[in-house]
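In what follows, a single structure is set out as structure tokens and then discussed.
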Amino acid sequence: NDMRIRRDSDNMLEEEIVLLAKVSDALAHPVRIKIFQFIMKNNATLTLVCNKDVVANFDYAQATISQHLKTLIKSGLVEVQKKDKFSYYFVNIGLHNKYVQVVQKFIRQ
């Protein structure tokens, strides 16, 4: 009986499954992973990141970068703060950490 209770407590909640799918989907492209890492590294050094910084750092058209950023933002993994004419990008650390925890829980099953 103890085994059954333990196994049930390891089961992923519906919200965790949705989070895993949504964030994994957002990261399911090499360019988005690179953009996410770029934003994260800059956030770590307290360097602001705006659209032109992302475009300047990657060899892709602005439209391509914008589409990838939109996907990352829609997933909640990246947040935007608008200031004057500029949009600055920040990693949602809370969501990122929760995603890492859910991935670990998923792997342990």
Side-chain angles (χ1 to χ4, degrees):
N1 197 16
D2 285 342
M3 289 292 284
R4 188 168 174 348
I5 291 168
R6 168 127 202 253
R7 194 161 0 111
D8 285 347
S9 70
D10 282 346
N11 284 346
M12 293 178 71
L13 303 171
E14 186 63 27
E15 68 189 51
E16 292 173 326
I17 291 168
V18 170
L19 175 82
L20 181 64
K22 188 169 72 167
V23 177
S24 295
D25 193 42
L27 292 172
H29 194 292
V31 175
R32 287 198 290 271
I33 292 172
K34 290 175 188 173
I35 291 171
F36 180 77
Q37 287 178 315
F38 175 75
I39 295 169
M40 198 174 210
K41 280 182 190 145
N42 280 284
N43 287 177
T45 61
L46 303 179
T47 306
L48 289 175
V49 179
C50 70
N51 205 46
K52 68 176 174 53
D53 299 322
V54 182
V55 172
N57 195 70
F58 296 97
D59 198 19
Y60 301 103
Q62 164 128 23
T64 303
I65 297 285
S66 292
Q67 281 303 111
H68 286 310
L69 279 166
K70 198 184 287 183
T71 301
L72 288 168
I73 292 161
K74 204 171 144 199
S75 75
L77 210 46
V78 171
E79 294 178 332
V80 189
Q81 288 180 10
K82 294 187 187 311
K83 194 171 180 184
D84 301 323
K85 297 183 303 217
F86 298 100
S87 294
Y88 295 98
Y89 303 104
F90 300 89
V91 168
N92 179 341
I93 291 295
L95 184 68
H96 177 261
N97 291 345
K98 182 141 178 63
Y99 175 70
V100 170
Q101 289 170 350
V102 170
V103 167
Q104 289 170 339
K105 188 173 180 180
F106 175 67
I107 290 167
R108 283 197 305 265
Q109 296 219 339

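- Placement of Ile33 and Val100 in two distinct hydrophobic clusters is found when ILVMFWY residues are connected by side-chain heavy-atom separations under 4.5 Å, directly or transitively.
- Hydrophobic clustering of Ile, Leu, Val, Met, Phe, Trp and Tyr side chains at less than 4.5 Å, counting indirect connections, unites Phe58 with Val31.
- For CG of Asp59, the number of neighbouring non-hydrogen atoms (other residues, nucleotides, ligands) closer than 6.0 Å is 12 at most.
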With a cut-off of 3.5 Å and sequence neighbours excluded, list every side-chain donor-acceptor pair involving residues 65-81.
from, atom 1, to, atom 2, distance (Å)
Ser66, OG, Gln62, O, 3.1
His68, ND1, Arg32, NH1, 3.1
Thr71, OG1, Gln67, O, 3.1
Ser75, OG, Leu72, O, 2.7
Ser75, OG, Leu77, N, 3.2
Glu79, OE2, Asn92, ND2, 3.3

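- Between the side chain of Thr64 and the backbone N or O of Tyr60, no donor-acceptor pair lies under 3.5 Å.
- Under the 4.5 Å side-chain criterion, counting only non-hydrogen atoms from C-beta, Leu20 is not in contact with Lys105.
- A distance of 12.0 Å separates CG in Leu27 from NE2 in His29, rounded to the nearest 0.5 Å.
- Between Asp53 and Tyr89, every side-chain heavy-atom pair lies at or beyond the 4.5 Å cut-off.
- For Phe106, there are no ring pair (Phe, Tyr, Trp, His ring centres under 6.0 Å) partners two or more places apart in sequence or in a different chain.
- Put simply, Val55 and Leu48 are part of two different groups of oily side chains (I, L, V, M, F, W, Y) that touch within less than 4.5 Å, one to the next.
- A continuous path of ILVMFWY side-chain contacts below 4.5 Å connects Val23 to Ile107, so both sit in one hydrophobic cluster.
- In this structure, Leu19 and Lys98 approach most closely via the heavy-atom pair CD2-CG, 3.6 Å.
- When every heavy atom of Met12 is checked against every heavy atom of Glu16, the shortest pair comes out as CA-OE1, 3.5 Å.
- Counting only heavy atoms from C-beta outward, the side chains of Phe36 and His96 approach each other to under 4.5 Å.
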Verdict with supporting geometry, Val49 and Phe38, side-chain contact (heavy atoms from CB on, under 4.5 Å): CA-CA 9 Å; Val49 179; Phe38 175 75; 3.8 Å; yes
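- Between Asn57 atom CG and Ile39 atom CD1 the span is 10.5 Å, to the nearest 0.5 Å.
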Derivation and outcome, side-chain contact (heavy atoms from CB on, under 4.5 Å), residues Lys41 and Thr47: CA-CA 9 Å; Lys41 280 182 190 145; Thr47 306; over 6 Å; no
